[in-house]
Amino acid sequence: MNQTNASGRIALTGVGKIYGAQKVVRDVNVTIEEGEFFSLLGPSGSGKTTTLMMIAGFAETDEGHIRLGDQDISAVPPKERGFGMVFQNYALFPHMSVADNVAFPLKVRKLSAAERRERVQWALETVKLTDFADRSPKQLSGGQQQRVALARAIVYQPRVILMDEPLGALDKNLRFHMQTEIKDIQRRLGMTVIYVTHDQEEAMNMSDRIAIMRDGQIAQLGTPAEVYQHPDSAFVGKFLGEANLLPVTATSATAALRDGATFACRDAGSGVTSEPALLFVRPEKLRLAATPTGLENDVAGRVTRVSYLGSVIRYGLDVLGQEMTADAQNLTGTPAFAEGDSLRVGWAAQDCRLLAPEGDGA
Ligand SMILES: Nc1ncnc2c1ncn2[C@@H]1O[C@H](COP(=O)(O)OP(=O)(O)O)[C@@H](O)[C@H]1O
Ligand SMILES: [Mg+2]
């Protein structure tokens, strides 16, 4: 396979993995487009790494098919797939210089010395490590080492790069910085990236689309905004950030009751129409006021907790005997509330949706 000319589109159909008696990946169907930044996001043990390893070819595809462009690669050995790879513990060779580490895949591919020099130069420029070419890996910070690993993965210009928690060992600030750099490089080179992480912020920051995995299956697939704002299940809602999930009785796909209060939730589509349901609304969508908010949903509440987080103030609220969370941006002139204050809590119908109660397999 000529990897530089190969397509960067990867299609999984009915992909599954069985370990012993356990199906750890089940019926995964997704097409990752050429040039897309695609993330597999989910809790530990949800099958992200196993799915990536099947794409890489290091784990056998027990069920279904994996295609690269028009070619079925389900049984093609890893090396022939031509994918670049960056893993959290994909150690650099400690006894080799940075440049030699980056050149390694080119040596394996038997490129000439001149060509190697040129490509290594390009890769190190791309990850902004030109001045570090002669250092040894142990003279580099964690972030710099991950950039070397990235340079080594892009040096032969694969169409597809697979990454498994590549920033897991870095501290929060550096991680954010590296996310932006990886994203920039991916865009510039037009590579397809399949990225595994358990960090929802990381996935949202980098991805064109995210597949949220649960128990070996894709629970939901969409752009960051789609999955964050319109989760189809309480699981996805909670996994992607703070979520209010108020137990209610749905009377239709867009209306619900609790303790005599009625709610309008216009963000329909999760399939709930009646019976016990959860009213989903994000904390930043709640408006707090001393007088009625004028929004379609408006109930009395009481402040039970105030957390000053800097850019936002997070309020714990008692609403109809249920705990809710509201995030207020810490703007100049925003009224601040204190513990014990009674207030009105409002939110727009378009900002809430009704979800199936948990434990329904939803
Ligand atoms: N080689 C293996 N043998 C047996 N079970 C495995 C193996 N690799 C992974 N598993 C199991 O498969 C499930 C999914 O694991 P994994 O794909 O590593 O999840 P994630 O990357 O989302 O944390 C887990 O229950 C894990 O214990
Ligand atoms: Mg993993």
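Note that ligands are numbered from 1 as they come in the structure, with each ligand's atoms numbered from 1 the same way. This structure is a prediction, so every number in the text was calculated from the model and none was measured.
Between Pro105 and Arg152, the closest side-chain pair of non-hydrogen atoms falls below 4.5 Å. You'll find the side chain of Arg302 stays beyond 4.5 Å of the side chain of Leu343, heavy atoms only.
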Any chance you could lay out the ring pair (Phe, Tyr, Trp, His ring centres under 6.0 Å) test for Phe37 and Tyr195, step after step, and finish with the verdict? CA-CA 7 Å; Phe37 199 113; Tyr195 193 95; 5.5 Å; yes

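Within the 4.0 Å cut-off (strictly below), a protein heavy atom is located near atom 9 (C) of ligand 1.
By the 3.5 Å distance cut-off applied to N or O atoms, Thr51 is not counted among the residues near ligand 1. Taking distance alone, with nitrogen or oxygen atoms compared against 3.5 Å, Gly45 approaches ligand 1 more closely than that limit.
The closest side-chain donor-acceptor pair between Thr197 and Asp199, if any, does not fall under 3.5 angstrom. Gln179 and Asn205 form a side-chain donor-acceptor contact under 3.5 Å, judged by distance and modelled atom types alone.
Ranking protein heavy atoms by distance to atom 18 (O) of ligand 1, first place goes to Thr49 CB, 3.7 Å. The protein heavy-atom contact nearest to atom 19 (O) of ligand 1 is Gly47 N, 3.2 Å. Nearest non-hydrogen protein atom to atom 6 (C) of ligand 1 is Tyr19 CD1, 3.2 Å. Here the protein heavy atom with the shortest distance to atom 17 (O) of ligand 1 is Thr50 OG1, 2.5 Å.
Residue contact check: Ser46 has heavy atoms under 4.0 Å from atoms 19 (O), 20 (P), 22 (O) of ligand 1. Using a 4.0 Å cut-off to heavy atoms of Ser44, the atoms of ligand 1 that qualify are 23 (O). Close approach of ligand 1 to Val24 is summarised as follows: ligand atoms under 4.0 Å from at least one heavy atom of the residue are 11 (C), 12 (O), 13 (C). The ligand atoms of ligand 1 that sit less than 4.0 angstrom from a heavy atom of Pro43 are 22 (O).
Between Glu33 and Arg209, no side-chain nitrogen of the basic residue sits less than 4.0 Å from a carboxylate oxygen of the acidic one, so the salt-bridge criterion is not met. A salt bridge is defined here as a Lys NZ or Arg NE, NH1 or NH2 lying under 4.0 Å from an Asp or Glu carboxylate O, and Glu242 with Arg314 meets this definition. Between Glu202 and Arg175, at least one side-chain nitrogen of the basic residue sits less than 4.0 Å from a carboxylate oxygen of the acidic one, meeting the salt-bridge criterion.
At a cut-off of 2.8 Å, Thr50 does not coordinate the Mg ion (ligand 2) through any N, O or S atom.
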